[in-house]
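So that the names make sense, note that chain A is the first sequence line, chain B the second, and so on, each numbered from 1. The figures that follow rest on heavy atoms only: side chains count, while hydrogens, waters and symmetry mates do not.
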Amino acid sequence: MTTTRELPPRYDAAAVEPAIYERWMAADAFRPAETPPAGAEPFVIIQPPPNVTGALHLGHAARTTVEDTLIRYHRMRGDDTLWLPGVDHASIAAQFVLDRILAEEGESRASLGRERYLERMWQFMAETRGVIGTQHRRLGASADWSRERFTMDEGSARAVRVAFKRLWDAGLVYRGEALVNWCPRCLTTISDLENVHRDEAGTLWMIRYHLERPDGLPDPDAWVTVATTRPETLLGDTAVAVHPEDERYAALVGRHAVLPFLGRRLPIVADEHVERGFGTGAVKITPAHDADDYELAKRHGLPAITVLDEHARVNEAGDDFAGMDRYAARKEILARLDALGDLVGEQAHQMVVGHCDRCGTVIEPRLSVQWFVRVKPLAERALASVREGRTRIVPSHFEKVYAHWMENIHDWAVGRQLWWGHRIPAWYCPDDHITISDAADGPDACAECGRPASELRQETDIFDTWFSSGLWPFSTLGWPDQTPDLQRFYPTSVMETAYDILFFWVARMMMLGLFCTDTEPFHTVYLSGMIRDPYGQKMSKTKGNVVDPLETVDEIGADALRFALVNGTTPGADQRLTAAKLDGGRNFTNKLWNAARFVLANRPPRSEPSDGISTSPSLPVRWIRSRLADATERATRQLDALDLGGYAATVYEVAWSDYCDWFLEAVKVDLRREDATDAERAATWSSAAESLAVLLRLLHPLMPFVTEEIWQALREASPAAAGDEPLLIAAPWPVPPARDREAEAAFDGLATLVRGVRNLRMEAGVPAGTWLPLTIAPADAGASDVLHGGTRYVEALARVRPIKLDPEAAPPPLVATGPLGAAWLEVQPPSGDVADRRRVRAAELDANIERVRQLLGNASFVERAPAAVVDRERERLRALEAERTQLGDV
RNA sequence: GGGCGAUUGGCUCAGCUGGUUAGAGCGCACGGUUCACAUCCGUGAGGUCACUGGUUCGAAUCCAGUAUCGCCCACCA
């Protein structure tokens with residue numbers, strides 16, 4: 001006989017959870033089997049690799065909870081599961097962080113130079129790389145850490161080279177001059193997605209451009225007035241544009257204006273794009289510093305003159321203003337124009353200004369030569385995959401958002417003028433031929449003229465971080481090689497992330513995945529919402545409203561946090577995380593712990609079926625088994641449908657209300673009744689242990705630690721209940737037995753009675769501890785049988801004794817009613833003090849009966865409603881009438 | 001300027017392939033030191049599901065419109 005391990009009174013999550021995690025690691029529980037189990041379906045989850053420099057925040061915690069819950073569920077289902085973890089090198093973010101560190105050390109990117117900077121970066125990586133993984137492990141992430149990857153490792157590097165070369169060979173990559181988003185602080189190009197638009201209050205200035213006289217000099221008495229929000233770009237103007245049908249300016253088209261300060265001749269052109277009603281109706285055209293103007297200039301064959309350098313300072317083309325910062329130049333130019341009398345007006349103007357996503361600096365459109373991926377053909381395929389259902393987005397309304405973006409996509413500027421990242425595998429020969437190579441050590445010779453490698457120089461730009469993360473689902477499995485992992489686990493199953501990186505990452509994975517592997521990289525995209533503070537605000541360090549998940553985990557445990565992050569949520573919807581929600585998670589963990597403590601502490605001396613015990617299960621046992629069967633069915637359906645919120649609610653309900661509030665209370669009755677035999681007690685206990693084991697398995701995916709800890713103790717106390725699996729993480733997901741409707745109805749009937757009687761006690765003002773006699777008039781013979789068998793539960797749970805069953809007894813006014821019959825206490829409050837319960841109930845029943853009768857009397861209802869609905873109504877009517885009959889005349 | 005989402009008891013949210021008397025947690029009121037748990041137990045109050053129309057035997061759920069809030073996308077200086 002085994003001795004029961006006592007569970008300590010308090011669940012010490014901070015101590016238990018890491019120990020449990022160690023145990024899983026030691027058992028290699030997260031790693032897929034060497035070979036896939038026969039008949040097992042693969043289930044592969046894709047997680048956004050967190051930034052290497054990032055610290056764990058609640059968003060990560062929410063991601064991890066969802067992913068881990070799904071992977072654990074599928075692991076228990078016996079699927080061939082893989083969750084491959086990793087980190088992203090996050091080039092711009094990492095440089096941002098390192099630059100700050102260097103600044104404190106009195107160094108900078110410039111002072112170190114590329115080579116030493118990168119050495120320093122790798123050193124920094126060595127220090128920080130493991131941090132985020134460790135933090136994820138504290139949350140219980142059951143990822144296969146033996147396969148952990150980094151987007152800067154050689155596997156990724158090779159995938160990047162190969163993917164880029166294939167894109168090039170397919171004609172989907174080009175290098176060309178274009179106006180790109182330039183951050184004058186980060187000193188790099190950024191993509192449209194990283195250029196975040198914000199509304200700002202600006203000013204619209206009206207400036208006179210004097211017309212050119214026949215002698216070539218500006219006419220002091222004739223001018224065209226242009227409106228601009230950016231006077232400093234005037235230095236780069238190459239034209240003035242008006243609308244072709246604008247009568248005010250019709251005579252000017254074809255003539256020239258003279259640019260202030262620089263004296264440049266500006267043709268006055270007509271273009272439909274000019275809005276007549278805006279400003280003065282005349283626009284200065286600065287092709288090198290404005291996207292609209294750039295397009296217009298192309299249409300009219302106008303030159304583009306760059307007047308700002310990489311720091312957004314005026315360059316030598318700006319003459320007097322050279323060297324000034326763009327805003328200083330603006331001020332100076334306005335002042336001088338004013339002095340000349342050519343600044344003729346200004347008005348407040350709401351406008352949209354692009355900012356660098358990383359550092360907030362105002363983006364400067366900049367003309368430069370860049371690498372682009374031609375995304376239209378890629379986007380079309382990626383769009384078709386979702387339209388045609390090969391990849392599904394949950395929640396589905398994001399499919400429209402995705403489609404809209406894919407339809408309006410612009411070419412992707414993939415080059416970055418940064419150092420930390422994958423260098424673009426392009427080489428130039430002295431004749432400017434381009435050679436793209438996917439070889440680790442570059443090309444042997446120029447692809448066009450055959451010059452040797454020694455004469456080629458490699459592109460210095462690196463790739464946008466999202467280019468390598470876009471290859472994540474397959475680059476981590478060994479692509480471009482057809483590795484066993486790739487064949488076994490690709491395409492993957494569920495890609496989980498928050499909706500804020502739908503375009504950045506999900507869209508790129510879809511496009512690159514389809515291009516590189518000819519298949520969708522995953523069949524489901526699960527988009528979570530964002531975690532917000534209790535007031536619905538985004539959490540941010542500057543606002544000081546950030547909840548640190550690690551602190552929370554130390555306080556209340558990872559399980560409690562996980563539960564709080566999933567309970568009551570729905571895919572794609574933001575959620576506010578409140579202290580009350582976290583308390584709820586903590587309380588639930590505590591509840592489970594104590595329920596287990598109760599079960600384990602009450603093991604009778606003889607408790608194993610091997611002791612030769614054989615008794616038919618009691619009503620509460622049949623009931624809880626059926627309730628658990630129902631919960632298992634629902635939880636299974638909900639997890640399969642990715643309804644994590646529903647799943648959490650299901651397990652919470654069955655654990656707390658069914659198992660603890662009713663079943664364990666009934667178990668107490670049976671364990672403690674004096675006339676029970678050892679065999680009966682043993683049977684009662686082992687069924688409590690057995691149903692606890694089912695409950696633990698249902699809860700494990702969401703609350704792995706506390707359930708595993710209890711499982712360990714339960715296995716010692718009752719090997720029969722827990723089964724053969726030494727670790728819950730590897731235990732099979734429950735298979736629900738058939739529902740026992742009869743037991744459910746019978747026990748629910750008893751519960752209704754108990755509730756009714758408790759209610760009576762409150763109304764009669766009976767002190768809580770007092771035992772009172774109870775009379776029950778059973779509804780019928782069946783009810784009578786149930787009541788006979790259930791008397792002891794009603795007694796204990798309603799605190800009534802003795803119970804007299806008397807079908808003939810006439811109910812008094814204050815009475816509890818239910819499907820099993822009517823029950824009442826002998827204590828009746830003075831008449832008039834309370835409503836006549838019988839009368840009230842009878843009236844209620846009459847009203848309901850009337851309603852249902854009418855419904856059933858409605859011919860179109862009976863004809864058109866589904867048979868099941870009609871039958872249900874008929875059944876309800878029958879039950880209502882039975883109860884009404886039983887109440888008698890009132 | 002487009003598009004998407006939300007609006008359900010005091011608060012935070014489920015429910016929305018149309019079908020019992022719309023649920024939960026927190027909060028609130030009342031009662032509880034019964035040997036699992038006061039991080040608890042019991043009982044209760046509290047909602048014309050934003051508004052207006054429509055479809056239907058039947059609408060919180062579907063359709064149209066309105067209002068308020070939020071988010072995303074967007075090259076009018």
If you measure from the P atom in B:A14 to the same atom in B:A29, how many Å do you get, rounded? 27 Å

Go through RNA chain B and write down every stem, that is, every run of at least three consecutive Watson-Crick or G-U wobble pairs with distances under 3.5 Å, as range with range. B:1-7 with B:67-73, B:10-13 with B:23-26, B:28-32 with B:40-44, B:50-54 with B:62-66

Classify the side chain of A:E665 and the base of B:A36 as holding, or not holding, a donor-acceptor pair under 3.5 Å. yes

Taking the inter-plane angle between the rings of A:W405 and A:F503 on a 0 to 90° scale, is it parallel (under 30°), tilted (30 to 60°) or perpendicular (over 60°)? parallel

Scan A:E407 against the nucleic acid and name what it touches under 4.0 Å (heavy atoms): base, sugar-phosphate only, or nothing. nothing

Between B:A36, B:G19, B:C4, which nucleotide has the shortest distance from any of its atoms to the side chain of A:R872? B:G19

By nearest-nucleotide position on RNA chain B, the 5'-leaning member of A:F588 and A:R799 is A:R799

On a whole-Å scale, what distance lies between the C1' atoms belonging to B:A22 and B:U8? 8 Å

By the 4.0 Å heavy-atom rule, please label A:R576 as base, sugar-phosphate, or nothing. sugar-phosphate

In whole angstrom, give the distance that lies between atom CG of A:L760 and atom C1' of B:G44. 14 Å

Using a cut-off of 4.0 Å on non-hydrogen atoms, how would the nucleic acid contact of A:T570 be classed: base, sugar-phosphate, or nothing? sugar-phosphate

In whole Å, I'd like the distance from the CH2 atom of A:W685 to the P atom of B:A36. 15 Å

N/O donor-acceptor pair under 3.5 Å between A:W593 side chain and A:P8 backbone: yes

Distance below 4.0 Å between A:N587 side-chain N/O and B:C40 OP1 or OP2: yes

Contact check, side chains of A:H273 and A:E295, non-hydrogen atoms, under 4.5 Å: no

Nearest-Å distance once atom C1' is located in both B:A59 and B:C51: 16 Å

Remember a base hit wins even if backbone is also touched, and classify A:R755 as base, sugar-phosphate or nothing at under 4.0 Å, heavy atoms. sugar-phosphate

P gap between B:G53 and B:U61, integer Å: 14 Å

Could you tell me if the ring centre of A:F278 sits under 6.0 Å from that of A:H243? no

Do A:L582 and A:L561 come within less than 4.5 Å of each other through their side chains, counting heavy atoms only? yes

Under 4.0 angstrom, heavy atoms only, what part of the nucleic acid is A:P9 near: base, sugar-phosphate, or nothing? nothing

Roughly how many Å is it from CG in A:L577 to C1' in B:G25, rounded to a whole number? 14 Å

Correct closest heavy-atom pair for A:E399 and A:I393 would be OE2-N, 3.1 Å

Which nucleotide sits closest to the side chain of A:A580: B:C26, B:U34, B:A36? B:C26

A:K668 side chain near B:U34 phosphate (N/O to OP1/OP2, under 4.0 Å): no

Would you please confirm or rule out a distance under 4.0 Å between OP1 or OP2 of B:G42 and any side-chain N or O of A:W662? no

Pair of N/O donor and acceptor under 3.5 Å linking B:U12 base with A:R532 side chain: no

Would you mind reading off the distance between A:R637 atom CZ and B:U17 atom C1', rounded to a whole angstrom? 13 Å

If you check every side-chain atom of A:K591, which of B:G44, B:A36, B:C4 has the closest atom? B:A36

Nearest-Å distance, CZ (A:R761) to C1' (B:C41)? 14 Å

Using the C1' atom as the point on both nucleotides, what is the distance between B:U33 and B:U20, in whole Å? 41 Å

Of all the nucleotides listed (B:G19, B:U20, B:C41), which has the minimum atom distance to the side chain of A:R876? B:U20

N or O in side chain of A:T569 less than 4.0 angstrom from B:C13 OP1/OP2: no

Between A:R758 and B:U43, is there a side-chain N or O to OP1/OP2 distance below 4.0 Å? yes

If we ignore hydrogens and angles and just use 3.5 Å, is the side chain of A:R761 paired with the main-chain N or O of A:A798 as donor and acceptor? yes

Please classify the nucleic acid contact of A:Y652 as base, sugar-phosphate, or nothing, using heavy-atom distances under 4.0 Å. sugar-phosphate

Taking the P atom of each, how far is B:G18 from B:C30, in whole Å? 44 Å

Side chain proximity check, A:H355 to A:V362, heavy atoms < 4.5 angstrom: yes

Out of curiosity, A:H289 NE2 to A:R366 CZ, how far, rounded to the nearest 0.5 Å? 8.5 Å

Heavy atoms only, 4.0 Å cut-off, all strands: where does A:W771 land among base, sugar-phosphate and nothing? nothing

Please check this pair: side chain of A:R758 against backbone of A:L797, looking for a donor-acceptor N/O pair closer than 3.5 Å. yes

Sugar-phosphate, base or nothing in reach of A:R597, heavy atoms under 4.0 Å: sugar-phosphate

Kindly give the heavy-atom pair with the smallest separation between A:V599 and A:W685, and that separation in Å. O-NE1, 2.6 Å

Nearest-Å distance once atom C1' is located in both B:G2 and B:A45: 47 Å

Nearest whole Å is fine: how far is B:G58 C1' from A:Q854 CD? 13 Å

Side-chain contact test, heavy atoms from C-beta onward, threshold under 4.5 Å: evaluate it for A:Y249 versus A:V224 and give yes or no. yes

So do the side chains of A:L296 and A:V283 get within less than 4.5 Å of each other, counting heavy atoms only? no

Between B:A24 and B:G47, how far apart are the C1' atoms? Round to whole Å, please. 14 Å

By the 4.0 Å heavy-atom rule, please label A:D661 as base, sugar-phosphate, or nothing. sugar-phosphate

Would you mind building the protein contact string for nucleotides 72-77 of chain B? One character per nucleotide, 5' to 3', B for base within reach (heavy atoms under 4.0 Å), S for sugar-phosphate only, - for untouched. SS-BBB

Starting from P on B:C4, measure out to CD on A:E399 and report it in whole angstrom. 14 Å

From CD of A:E653 over to P of B:A14, roughly how many Å is that when rounded to an integer? 18 Å

